[in-house]
Amino acid sequence: MANTKSAIKNARKSLRRMLRNKAVKTRLKTLAKQLEAAAKAGDAPAAKSAAIAYVAAVDKAVRSGVIHANAASRVKSHAAKFVFAK
């Protein structure tokens with residue numbers, strides 16, 4: 001357990017950040033599954049709208065520091081393959 005005041009505060013901050021990051025990552029996984037399901041169903045308009053929502057959420061996660069920019073770039077490229085697959 002933390003002993004100093006600063007360590008106690010850092011433990012609180014760490015817990016808050018972990019919960020925020022977990023919520024964001026869970027939302028990203030859900031959006032990714034929705035995109036994959038729409039792509040597998042062959043529904044192009046639904047896949048495109050799911051991809052737009054997914055990419056927007058990924059960009060927001062990068063801005064808040066939840067995921068790395070290069071990881072986001074890789075994820076967005078993968079999403080584009082689903083949308084533009086023929």
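Computed from a prediction, not measured in an experiment: that's the story for all the values here.
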Close side-chain approach of Val24 and Lys60, heavy atoms under 4.5 Å: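 With C-beta onward as the side chain, the pair stays apart.
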
Please answer whether the main-chain N or O of Ala46 pairs with a side-chain N or O of Ser49 as donor and acceptor at a distance below 3.5 Å.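 At least one qualifying donor-acceptor pair exists.
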
Working to the nearest 0.5 Å, report the span between OG of Ser73 and NE2 of His78.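 With rounding to 0.5 Å, OG (Ser73) is 13.5 Å from NE2 (His78).
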
What is the distance from atom OG of Ser6 to atom NZ of Lys9, rounded to the nearest 0.5 Å?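 Here the interatomic distance stands at 9.0 Å.
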
Residue pair [X] / [Y]: nearest heavy atoms and the distance that separates them:
X: Val83; Y: Ala47; answer: CG2-O, 3.9 Å
X: Ala53; Y: Leu31; answer: O-CD1, 3.9 Å
X: Tyr54; Y: Leu28; answer: CE1-O, 3.3 Å
X: Ile67; Y: Ala72; answer: CD1-CB, 4.0 Å

Determine, stepwise, if the pair Lys76 / Asp59 fulfils side-chain contact (heavy atoms from CB on, under 4.5 Å). CA-CA 9 Å; Lys76 289 178 351 183; Asp59 286 336; 2.9 Å; yes

For Lys5, I'd like to know if atom NZ has over 12 heavy atoms of other residues, nucleotides or ligands within 6.0 Å. no

Single-linkage hydrophobic cluster, 4.5 Å side-chain cutoff, Leu35 and Val55 together: no

Any salt bridge (charged side-chain N to carboxylate O under 4.0 Å, His left out) pairs touching residues 19-38, not counting sequence neighbours? Glu36-Lys40

